[in-house]
Amino acid sequence: MGDTSHGTIYGINGPVIKVRGNHPFQMLEMVMVGHDRLVGEVIRILKNETIVQVYENTTGLKTGEPVVSTGKPLTVKLGPGIIGNVFDGIERPLVKIAEDTGIYIKRGSVMNNLDTEKLWDVKMLVKPGDYLNQGEIFAEVKETESVNHKIMIPPGIKGEVIEAAEDGPYNIEKTIVKVRDEKKIHNLTLIQEWPVREPRPYYRRLPLDIPLITGQRVIDTLFPLAKGGTAAIPGGFGTGKTLTQHQLAKWADADIIVYVGCGERGNEITEVLEDFPKLIDPRNARPLMERTVLIGNTSNMPVAAREASIYTGITLAEYYRDMGYDVAIMADSTSR
Ligand SMILES: Nc1ncnc2c1ncn2[C@@H]1O[C@H](COP(=O)(O)OP(=O)(O)O)[C@@H](O)[C@H]1O
Ligand SMILES: [Mg+2]
């Protein structure tokens, strides 16, 4: 297994796996479990055993199979190709998986979260000699008709541009800018990675003094919301929670919609997946999906995967927020 540390399964209880091995795992590290390489997360470390929560069905998994460390926490890739897509809770592209392996996700389907072959028309905004700080925008890509994707310097990097590509078509893995700081040269592409459980940094928090016009007068009048604020819709089954969120997604005064279906039954998610692509954006009469990303996790998936889907959704939302967009994120529902 090269230099990757690994352990061996010696106990399985549903999605919870007990691992023994001589190599230390890190807390909340992402691991690959068994021969099918199911994605899991380290949730408890004891002196001589590690407890892993698996995000997929563990039927058929046996003791003695290996658990391989990835050395990093659950991370998502951030870059062009997110908008309009449908992901599961750990940012696997469901439409692509359906095309490749059929309507059921094959266990252990590990693939590129974002399309690595597609060429994006990149407009460069920097030249050699420019000095860039983290979060500054160095290129732009028209991700969809409705969204101009701003390519930013990832958090923690700053320095002088020593090389910049010409405007032109590039895939997400191609280095388009080299930035040098005191220590090293950073090769920057159209994508960056981010650990989902860590909030993305910001310079300062803005006061909550701009109302979010939801487009539903009853909400705006009786329960006004602020941009940057949060709200919950409590209610029994069939009382209109999901419908209200669909209306907010369609009419709220936000640039980007992140819709996380994280606990609904499979048929309810199906409804979302069927309904959303039909919705027309009242702003420009284009499909609403051109500024929406859907994350689907049904109530029959392991709890850990559903929990992770909210973190994944928030990370995507924070990424578009960092570009300067107003992002509305909805999670339906967190109670099941
Ligand atoms: N404001 C409303 N007016 C008329 N019908 C509604 C309204 N809100 C919800 N419904 C209907 O009630 C049913 C259940 O709504 P739904 O949003 O799925 O409930 P929940 O998500 O709270 O379980 C749906 O068939 C929906 O069309
Ligand atoms: Mg509902």
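Numbering of ligands and ligand atoms starts at 1, following listing order. No hydrogens, no waters, no symmetry mates; every other heavy atom, side chains included, goes into these values.
Ion pairing between Glu41 and Arg197 holds under the 4.0 Å rule for side-chain N and carboxylate O. Ion pairing between Arg291 and Asp255 fails under the 4.0 Å rule for side-chain N and carboxylate O. Of the charged side-chain nitrogens involved, at least one lies within less than 4.0 Å of a carboxylate oxygen, so that Lys127 and Asp130 count as a salt-bridged pair. Contact check on Lys158 versus Glu136 returns no salt bridge, with no Lys/Arg side-chain nitrogen under 4.0 Å from an Asp/Glu carboxylate oxygen.
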List, for ligand 1, each N/O atom that has a protein N/O partner under 3.5 Å away, with both atom names and the distance.
from     : atom 1 : to     : atom 2 : distance (Å)
ligand 1 : 17 (O) : Thr242 : N      : 3.2
ligand 1 : 17 (O) : Leu243 : N      : 2.7
ligand 1 : 19 (O) : Gly240 : N      : 3.0
ligand 1 : 21 (O) : Thr242 : N      : 2.9
ligand 1 : 21 (O) : Thr242 : OG1    : 2.6
ligand 1 : 22 (O) : Thr239 : N      : 3.2
ligand 1 : 22 (O) : Gly240 : N      : 3.0
ligand 1 : 22 (O) : Lys241 : N      : 2.8
ligand 1 : 22 (O) : Lys241 : NZ     : 2.9
ligand 1 : 23 (O) : Gly238 : N      : 2.7

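Residues Tyr320 and His149 meet the side-chain proximity criterion, which asks for heavy atoms closer than 4.5 Å.
Here Ile51 is tied into one hydrophobic group with Val16, Ile43, each link being a pair of ILVMFWY side chains closer than 4.5 Å.
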